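Structure, as structure tokens:
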Amino acid sequence: MPSLLADEISVWFRAEARDLPWRHPETTPWGVMVSEFMLQQTPVARVEPIWTDWMARWPMPSALAAAPRADVLRAWGKLGYPRRAIRLHDAAAAIASEYGDQVPSDVETLEALPGVGSYTARAVAAFGHGLRAAVVDTNVRRVVARAVHGAGDAGPARTRADLADVDALLPNSDAEAAVASAGLMELGAVVCTARAPRCGLCPVSARCTWVAAGRPEYTGPRKPVQGFAGTDRQVRGKLLDVLRGSPHPVPRTALDAVWSDAGQRDRCLDSLLVDGLAEQTDDGRFALPTGPA
DNA sequence: TACGCGTGGAA
DNA sequence: TTTCCAAGCGT
């Protein structure tokens with residue numbers, strides 16, 4: 001079922017898309033997959049330089065798989081959520097050993113890889129392999145909520161229904177659907193934004209049911225804002241920053257300095273060990289993990 | 001389903 | 001200054 005909405009978004013996208021390095025034609029499915037991991041909950045501007053260095057250093061999954069964990073975590077730098085780097089490392093090893101160093105194109109196969117959920121699997125299929133796959137992220141959910149449902153924002157996820165909504169918009173052909181998917185995301189990222197949508201620049205404002213309704217304010221439940229100051233997340237970040245910054249294992253006293261609450265500090269250090277983000281040496285000091293595995 | 005998981009820039 | 005995030009995933 002052809003959708004004028006998707007067609008017009010595709011026309012707009014081909015003219016207005018940002019020039020992002022992972023969108024260049026020579027980018028491999030692996031490059032797209034790396035970008036999708038890095039972009040999970042992280043702004044484009046911070047991902048760009050890290051992605052560029054990463055792809056120059058590890059241009060295929062087997063190259064990353066062969067790298068020591070510590071190198072991977074240092075290259076990840078301060079992108080945040082460093083467990084993503086662990087999962088990407090593990091996913092690269094699985095692709096190298098089980099799939100001949102070729103990133104799978106099948107959504108179910110992709111979803112079985114570490115760190116690859118519904119969104120990332122479909123994004124790799126669509127943007128890496130040019131296939132028709134409904135890509136549902138926060139931007140797409142917002143665009144559909146407004147343009148199709150006339151709501152100010154998307155509200156809580158309705159996983160199956162969200163997927164069906166987007167699938168219904170996509171053109172039939174793989175190539176056209178992939179462009180439409182990229183366009184939906186781009187529109188949500190740069191025009192149909194959460195706080196100050198630029199409807200004057202929107203290619204589909206004339207068919208937007210939210211605009212037609214006078215842009216009513218969103219009244220549904222808001223997702224609670226995550227605190228950060230004083231959380232384990234902050235403490236883990238501080239501990240890991242010390243380990244990243246030291247070429248040698250550090251004594252426990254070096255970690256004591258980053259957080260005064262000893263109980264919380266110890267709990268966080270333990271959780272880093274459990275997550276594979278840190279290791280304790282035989283002499284009792286702490287460091288980023290060694291080994292490719 | 002709700003929650004925990006990093007970081008630093010913009011309003 | 002404080003708030004609010006920004007292309008989610010795993011449990």
Side-chain angles (χ1 to χ4, degrees), chain A residues 13 17-18 20-23 31-51 73 76-88 90-91 110-128 133-144 153-160 162-163 166 178 181-196 218 221-244 258-259 264 267-268 271-272 274-278:
Chain A
F13 179 75
R18 290 169 293 175
L20 304 176
W22 45 85
R23 288 178 174 168
V32 170
M33 182 171 159
V34 171
S35 77
E36 294 300 340
F37 267 76
M38 292 181 173
L39 287 163
Q40 292 168 4
Q41 301 283 281
T42 305
V44 166
R46 251 196 295 159
V47 166
E48 275 195 356
I50 306 291
W51 182 88
L73 288 169
W76 193 261
K78 307 197 78 167
L79 274 185
Y81 292 140
R83 293 190 296 186
R84 291 181 293 168
I86 299 291
R87 291 171 182 151
L88 179 56
D90 290 345
L110 286 162
E111 280 183 332
L113 294 169
V116 179
S118 175
Y119 163 76
T120 300
R122 291 161 190 283
V124 170
F127 311 138
V135 173
V136 181
D137 76 330
T138 184
N139 289 310
V140 174
R141 280 176 20 84
R142 184 172 56 251
V143 169
V144 171
D153 218 326
R158 309 137 49 235
T159 311
R160 293 304 298 274
D162 290 337
L163 214 49
V166 176
S181 295
L184 281 164
M185 291 187 56
E186 185 80 348
L187 190 65
V190 305
V191 173
C192 193
T193 55
R195 105 194 154 281
Y218 175 74
R222 288 281 177 188
K223 62 177 67 172
V225 178
Q226 293 186 71
F228 183 64
T231 62
D232 285 3
R233 229 158 64 255
Q234 182 183 22
V235 179
R236 284 164 56 102
K238 285 178 176 294
L239 292 171
L240 205 54
D241 200 38
V242 172
L243 302 183
R244 269 196 306 264
V258 306
W259 199 252
Q264 186 177 21
R267 178 175 73 245
C268 289
S271 73
L272 290 176
V274 168
D275 287 346
L277 289 165

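Letters go in sequence order (proteins before strands), and every chain restarts at 1. Being a predicted model, the structure only gives us computed values, none of them experimental.
Between the side chain of A:Q226 and the base of B:dC5, at least one donor-acceptor pair of N or O atoms lies under 3.5 Å.
Note: OH (A:Y81) to P (B:dC3) measures 14 Å, nearest angstrom. In this entry the distance linking CG of A:D162 with P of C:dA7 reads 15 Å, nearest Å. Across the protein-nucleic acid pair, A:F228 atom CZ and B:dG6 atom P stand 9 Å apart, rounded to whole Å. The interatomic distance linking A:Q41 (CD) with C:dG8 (C1') rounds to 5 Å, in whole Å. The nearest whole Å value for the distance from the CG atom in A:L73 to the P atom in B:dG6 is 11 Å.
No engagement by A:S35 is indicated, since no non-hydrogen atom pair under 4.0 Å with the nucleic acid exists. Contact annotation for A:P224: no contact, since no heavy-atom pair falls under 4.0 Å across all strands. Using a 4.0 Å heavy-atom cutoff across all strands shown, A:L20 reaches at least one base atom of the nucleic acid. A:W22 comes within contact range of at least one nucleobase, with a heavy-atom separation under 4.0 Å.
Of all heavy-atom pairs spanning A:A194 and A:R142, the tightest one is N-NE, 3.5 Å.
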Would you tabulate the pairs of protein nitrogen or oxygen atoms and nucleotide nitrogen or oxygen atoms of nucleotides 9-11 of chain B closer than 3.5 angstrom?
unit_1 : atom_1 : unit_2 : atom_2 : d
B:dA11 : OP1    : A:R195 : NH2    : 3.4

Nucleotide N/O of nucleotides 9-11 of chain C paired with protein N/O under 3.5 Å:
unit_1 : atom_1 : unit_2 : atom_2 : d
C:dC9  : OP1    : A:G117 : N      : 2.9
C:dC9  : OP1    : A:T120 : N      : 3.0
C:dC9  : OP1    : A:T120 : OG1    : 2.7
C:dC9  : OP2    : A:Y119 : N      : 3.4
C:dG10 : OP1    : A:G115 : N      : 2.5

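Comparing the same atom, P, in C:dC9 and in B:dG9 gives a spacing of 25 Å after rounding to whole Å. Rounded to whole Å, the separation between the P atoms of C:dT3 and B:dG6 comes to 22 Å.
The closest side-chain donor-acceptor pair between A:R122 and A:S181, if any, does not fall under 3.5 angstrom.
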Pair A:Y119-A:Q40, side-chain hydrogen bond (donor to acceptor under 3.5 Å, both in side chains): steps then yes or no: CA-CA 9 Å; A:Y119 163 76; A:Q40 292 168 4; over 6 Å; no
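By the 4.5 Å heavy-atom criterion applied to side chains, A:V135 and A:L184 are not counted as neighbours.
Within residues 231-244 of chain A, no residue has any heavy atom closer than 4.0 Å to DNA chain C.
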